[in-house]
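Remarks on the structure that follows.
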Amino acid sequence: MSNNLTIRDHCFTWGKRTYLMGILNVTPDSFSDGGKFNTTSAALTQAQAMVSAGADIIDIGGQSTRPGAEQISLEAELERVLSVLELLRPVIDIPISIDTTRAEVAKAAITAGADIVNDISAGTFDPQMLPTVASLNVPIVLMHIRGKPQTMQKCTDYEDLIPDIYQFLSEQITKATLLGIDKNKIIIDPGIGFAKNHDQNLEIFRCLESLKTLNSPILVGASRKSFIGNILNQPDPTLRVWGTAAACCAAIFNGADILRVHDVREMQEVTLVADAIFRDSAAWR
């Protein structure tokens, strides 16, 4: 893969440091912060706070993908994300990604000023997603999943977890490039918590480096997730900050390039220290 990807005049140099994608859920029902930022004013305040805390990307999502989440209408998703994007884009200068599985939402969001498409289905839920992203010529995050959010926690019966994830991502990378998406604009995500049980999530961390041979930057989204709550015996997702910090450190050690997080200020400190220990020392001279 290319060592660099420039998005909205921001250069991402893979392998030299870890980048932070700040989560902005403009939903009433996301598992951790549903209802906190689903007004435009609250979303703007949170986005600006994440930028000040060190976020490199803001990821806007209008459809909850927590286990069991119901699909909302296309119109509702468009209204949620576009109203926020139109407010954020003039005042936020870092890249913005749109977290959606719908090609129409992706296209509308990019037109409104978003820069990246983050698709939890890797283009499998909407057959028009990959062709649409190719036509838009923007980066895309391809994530591994089985089933849909409503059913995915019943789809954890893997024959061999890591090879299955690897094969799925490899196939979607091939499909994306054949449809015209620039290989250097593809980011992969193993899908922590998406059709994975507790032990499988831990196995992904241990084996993350094996995905490096796919030659795409790796995004890991472990923030506040239930496997951390299980380890800590902590049912409140907002109180899983330090467990998330440990997971983020493990992800960096094993090759993650981007971390998708709720608690940007705390995880920025984690990345600074972990990068200083694990990354190329030349980046810190």
Between [X] and [Y] (side chain of the first, backbone of the second, donor and acceptor by atom type, cut-off under 3.5 Å), is there such a pair?
X      : Y      : answer
Gln172 : Ala122 : yes
Ser226 : Gly229 : no
Thr151 : Gly147 : no
Asp56  : Leu20  : yes
Ser223 : His262 : yes
Arg265 : Gln268 : no
Lys225 : Gly221 : yes
Ser210 : Cys207 : yes
Asp275 : Thr18  : yes

Taking every non-hydrogen atom, the tightest pair across [X] and [Y]:
X      : Y      : answer
Leu232 : Gly243 : CD1-CA, 4.0 Å
Val264 : Gly22  : CG2-CA, 3.9 Å
Asp93  : Arg8   : O-CD, 3.8 Å
Ala251 : Leu208 : O-CD2, 3.7 Å
Val26  : Gly62  : CG2-CA, 4.0 Å
Ala55  : Ile94  : O-CD1, 3.5 Å

Open item on the list: Going by side-chain hydrogen bond (donor to acceptor under 3.5 Å, both in side chains), name the pairs with one or both residues in residues 123-138, residues two or more places apart or in two chains.
Closed with: Asn137-Lys185

Connected via hydrophobic side-chain network under 4.5 Å: [X] and [Y]:
X      : Y      : result
Leu211 : Ile252 : yes
Ile72  : Met152 : no
Ile145 : Val141 : no
Phe168 : Met143 : no
Leu219 : Ile120 : no

TODO: Start with the C-alpha distance between Ile57 and Ile96, add both sets of side-chain angles, then the distance that settles side chain to side chain contact (heavy atoms under 4.5 Å, CB included), and finish with yes or no.
DONE: CA-CA 6 Å; Ile57 303 166; Ile96 294 174; over 6 Å; no

TODO: Would you please test Ile228 and Thr244 for side chain to side chain contact (heavy atoms under 4.5 Å, CB included) and show each step?
DONE: CA-CA 7 Å; Ile228 296 171; Thr244 297; 3.6 Å; yes

Open item on the list: Quick one, Lys212 with Asp257, criterion salt bridge (Lys or Arg N to Asp or Glu O under 4.0 Å). Give me CA distance, side-chain angles, the key distance, then yes/no.
Closed with: CA-CA 10 Å; Lys212 282 289 186 182; Asp257 297 286; 3.2 Å; yes

Task: side-chain hydrogen bond (donor to acceptor under 3.5 Å, both in side chains) between Thr100 and Glu77, intermediate numbers included - done: CA-CA 9 Å; Thr100 186; Glu77 187 179 357; 2.7 Å; yes

Open item on the list: If only side-chain N and O atoms count, and only distance matters, is there a donor-acceptor pair under 3.5 Å linking Thr213 with Tyr166?
Closed with: yes

- [ ] Could you tell me whether the side chains of Ser216 and Lys183 share a donor-acceptor contact shorter than 3.5 Å?
- [x] yes

Any side-chain heavy atom of [X] sitting closer than 4.5 Å to one from [Y]?
X      : Y      : value
Asn118 : Ile98  : no
Ser64  : Asn25  : no
Leu74  : Arg102 : yes
Pro139 : Ile7   : yes

- [ ] Please name all residues satisfying ring pair (Phe, Tyr, Trp, His ring centres under 6.0 Å) with Phe125, sequence neighbours left out, ordered by chain then number.
- [x] none

When the side chains of residues 192-200 are checked against the rest of the protein, which donor-acceptor pairs come out under 3.5 Å, sequence neighbours left out?
{"residue": "Lys196", "atom": "NZ", "partner": "His144", "partner atom": "ND1", "Å": "3.0"}
{"residue": "Lys196", "atom": "NZ", "partner": "Pro190", "partner atom": "O", "Å": "3.2"}
{"residue": "Lys196", "atom": "NZ", "partner": "Gly191", "partner atom": "O", "Å": "2.9"}
{"residue": "Lys196", "atom": "NZ", "partner": "Phe194", "partner atom": "O", "Å": "2.6"}
{"residue": "Asn197", "atom": "OD1", "partner": "Asp199", "partner atom": "N", "Å": "3.2"}
{"residue": "Asn197", "atom": "OD1", "partner": "Gln200", "partner atom": "N", "Å": "2.9"}
{"residue": "His198", "atom": "ND1", "partner": "Asn230", "partner atom": "ND2", "Å": "3.4"}
{"residue": "Gln200", "atom": "OE1", "partner": "Asn197", "partner atom": "N", "Å": "2.8"}
{"residue": "Gln200", "atom": "NE2", "partner": "Thr156", "partner atom": "O", "Å": "2.7"}

- [ ] Run the numbers on Ile60 and Asp99 for side chain to side chain contact (heavy atoms under 4.5 Å, CB included), then give the verdict.
- [x] CA-CA 6 Å; Ile60 300 175; Asp99 180 1; over 6 Å; no

Open item on the list: Can you classify the ring geometry of Phe205 versus Phe227 as parallel (below 30°), tilted (30 to 60°) or perpendicular (above 60°)?
Closed with: tilted

Open item on the list: For Phe12 and Tyr19, take the angle between the two ring planes, folded into 0 to 90°, and tell me which bin it lands in: parallel under 30, tilted 30 to 60, perpendicular over 60.
Closed with: tilted

Hey, what do you get for [atom1] ([X]) to [atom2] ([Y]), rounding to the nearest 0.5 Å?
X      : Y      : atom1 : atom2 : result
Leu82  : Leu87  : CG    : CG    : 12.5 Å
Met129 : Thr101 : CE    : OG1   : 6.0 Å
Asp115 : Leu136 : CG    : CG    : 11.5 Å

Open item on the list: Atom CG of residue position Asp9 - does it have more than 12 heavy atoms of other residues, nucleotides or ligands inside 6.0 Å?
Closed with: no

- [ ] Any chance you could lay out the side chain to side chain contact (heavy atoms under 4.5 Å, CB included) test for Asp189 and Val220, step after step, and finish with the verdict?
- [x] CA-CA 6 Å; Asp189 179 347; Val220 172; 5.8 Å; no

Open item on the list: Please determine whether side-chain hydrogen bond (donor to acceptor under 3.5 Å, both in side chains) holds for the pair Ser97 and Asp59, giving the CA-CA distance in whole Å, both sets of side-chain angles, and the decisive distance to 0.1 Å.
Closed with: CA-CA 5 Å; Ser97 65; Asp59 189 45; 2.3 Å; yes

Task: Ion pair Arg224/Asp236, N-O distance below 4.0 Å - done: no

